[in-house]
Amino acid sequence: MKSRFLLALAAACLLLASGCANVKPWERSVLADDTMRPDRNPLAQGFADHTWFSREASSGGRGVGGGGCGCN
Amino acid sequence: MKSSRIKNSLLGTTLALGFISSTALGADKGIKMGDSFPDLNTFALEGNLPEALKGKVVLVDFWASWCGPCKDSFPVMEELQTRFGPKGLVVLAVNLDEETATMNDFLKKHPVTFTVVRDAKKKLVSTVNIKSMPSSFVLGRDGKVAAVHRGFHGQETRAQYVKEIEQLTSASFASKQP
């Protein structure tokens with residue numbers, strides 16, 4: 001029973017490991033594209049931030065800088 | 001009893017295979033300082049290689065148009081080529097873009113006088129196995145790697161280039177004199 005469990009665990013680990021992609025530094029052109037930046041559109045980002053802090057009461061809590069004072 | 005033995009051996013084999021594949025993935029192959037740089041003529045690079053690389057100090061730089069620091073490194077490499085070209089330096093930029101047109105667009109916007117070739121099949125870069133973009137190798141006149149640079153860090157990298165190239169070019173000239 002124990003060995004069957006271990007076998008299943010090992011097989012699952014191998015299966016998961018096969019999902020890992022080793023992206024070489026010279027293969028990152030798509031990842032380096034501007035459209036991959038989550039903050040590429042300042043206006044959309046502003047709206048998203050506004051929604052976020054209105055909902056969470058955490059103004060400036062996203063990213064660096066600012067606190068979570070909720071003053072606004 | 002027999003089946004549990006089979007299962008155990010199967011388990012052992014699976015774990016061993018997993019270990020081997022994980023170590024193979026993490027293997028640190030590539031070119032390091034003191035190694036002989038591969039013969040560039042054997043990689044079917046697109047573009048014309050300079051005729052006489054033998055006996056020259058060569059700066060081999062791997063770059064792509066999508067890489068910001070690569071763009072920053074271009075004026076520095078141009079300066080190095082102008083300043084140290086007469087002393088025996090050859091700057092060779094190896095492009096790694098997916099398409100030639102992308103490289104050409106970049107070169108139209110940022111024209112350079114040093115040699116640019118393209119590793120279309122990614123054979124050279126796979127052999128050298130660079131760890132970051134850009135990466136460059138300073139080769140002495142003996143064709144051996146005298147310095148390896150990972151990334152381009154502005155004036156810091158420029159100063160290192162100048163120091164290394166000054167040393168390599170002047171040392172070689174001094175050794176030629178009787």
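Proteins come first, then strands; the chains are lettered A, B, ... in the order of their sequence lines, and each starts at number 1. These values consider heavy atoms only, across backbone and side chains, with no hydrogens, waters or symmetry-generated copies.
Counting only heavy atoms from C-beta outward, the side chains of A/Lys24 and B/Asn129 approach each other to under 4.5 Å.
Residues B/Met133 and A/Pro25 come closest through the heavy atom pair CG-O, 3.4 Å. Here the closest heavy-atom approach between residue B/Trp66 and residue A/Trp26 is recorded as CZ2-O, 3.9 Å.
B/Leu40 and B/Val57 end up in different hydrophobic clusters when Ile, Leu, Val, Met, Phe, Trp and Tyr side chains are linked at under 4.5 Å.
Contact of B/Ser126 with chain A is made through backbone and side chain together, with heavy-atom distances under 4.5 Å.
Within a 6.0 Å sphere centred on CD of B/Glu99, heavy atoms belonging to other residues, nucleotides or ligands number 12 at most. B/Lys122 NZ: more than 12 foreign heavy atoms inside a 6.0 Å radius. Within a 6.0 Å sphere centred on CG of B/Asn48, other residues, nucleotides and ligands contribute 12 heavy atoms or fewer.
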